[in-house]
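So the structure is just underneath, and the comments pick up after that.
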Amino acid sequence: MTVPSWDETAMEVVRAYQKRSHCKWFKVAAVFYKGNRLLSIGYNGPPKGEPHCNEVGCAKVKNGKRLPGGSGLCRGAHAEVNAVANAAFEGVCLRGTRIYCTYTPCYDCAKMLVNLGIKEVIYAKIYDDEGKGNPKVFGLFKRQGIIVRQFKGKRR
């Protein structure tokens, strides 16, 4: 039996938690690690106590058509935001951590991660809602000295 690497272990946690999302468009999770210790987990979804989209319908669909990204109508918070909120709720500092994500963060989440003082972003897929490959996000991380890499390990 081969023991999975820490990256493989973290991405397995991401894959498990993304299944908690009720979003019909993106199933996303994010986990923060410091060293080999998991500090916080989040997945995209509405604030605590609010209904999920599968219960009340997607707010980003009007007249049967999905609105473009950035409409601001989504009820859910991004996985990264929920992971940060979960850490804050428990008093966990995320400075100096690395984050494992289903997708590269959006620009707003990237700015938040910079302000947190994270050191590394490991993602499975590029979030490219605008069809441009996310250059603002990659540029921001590069300017800030944050390591960004795509997970290339085993996919189950």
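Every value quoted in this text rests on a predicted model; they were computed, and no experiment measured them.
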Which atom of [X] lies closest to which atom of [Y], heavy atoms considered:
| X | Y | answer |
| --- | --- | --- |
| Ala83 | Ala30 | CB-O, 3.9 Å |
| Asn134 | Tyr127 | ND2-O, 2.8 Å |
| Pro105 | Val137 | O-CG2, 3.4 Å |
| Phe151 | Ile122 | CB-CG2, 3.9 Å |
| Pro51 | Pro46 | O-CG, 3.4 Å |
| Cys101 | Met11 | O-CE, 3.7 Å |

[atom1]-[atom2] distance between [X] and [Y], expressed to the nearest 0.5 angstrom:
| X | Y | atom1 | atom2 | value |
| --- | --- | --- | --- | --- |
| Leu39 | Leu94 | CG | CG | 6.5 Å |
| Glu12 | Arg15 | CD | CZ | 4.5 Å |
| Tyr33 | Asp7 | OH | CG | 10.0 Å |

With hydrophobic residues grouped by side-chain heavy-atom distances under 4.5 Å, do [X] and [Y] end up in a single group?
| X | Y | answer |
| --- | --- | --- |
| Ile147 | Phe138 | no |
| Val121 | Trp6 | no |
| Tyr43 | Leu38 | yes |

How are the rings of His52 and His22 set relative to one another: parallel (under 30°), tilted (30 to 60°) or perpendicular (over 60°)?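 Tilted.
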Output every pair passing salt bridge (charged side-chain N to carboxylate O under 4.0 Å, His left out) with a member in residues 87-103, not counting sequence neighbours, ordered by first then second residue.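 For residues 87-103, and leaving out neighbouring residues, there are no salt bridge (charged side-chain N to carboxylate O under 4.0 Å, His left out) pairs at all.
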Could you tell me whether the side chain of [X] and the main chain of [Y] form a donor-acceptor pair under 3.5 Å?
| X | Y | value |
| --- | --- | --- |
| Asn44 | Cys23 | no |
| Gln150 | Tyr123 | no |
| Lys27 | Ser21 | yes |

Would you check if [X] and [Y] make a side-chain contact, meaning some heavy-atom pair closer than 4.5 Å?
| X | Y | result |
| --- | --- | --- |
| Met112 | Glu80 | yes |
| Lys24 | Cys53 | no |
| His78 | Cys106 | yes |
| Phe26 | Thr102 | no |
| Phe141 | Thr104 | no |
| Cys58 | Trp25 | yes |

Inter- and intrachain pairs under side-chain hydrogen bond (donor to acceptor under 3.5 Å, both in side chains), touching residues 108-120, at least two apart: Asp108-Lys111, Glu120-Arg149
Val31 pairs by side chain to side chain contact (heavy atoms under 4.5 Å, CB included) with which of Ile99, Val14, Thr97, Thr9? Val14
Between Ser40 and Asn86, is there a side-chain donor-acceptor contact under 3.5 Å, judged purely by atom types and distance? no
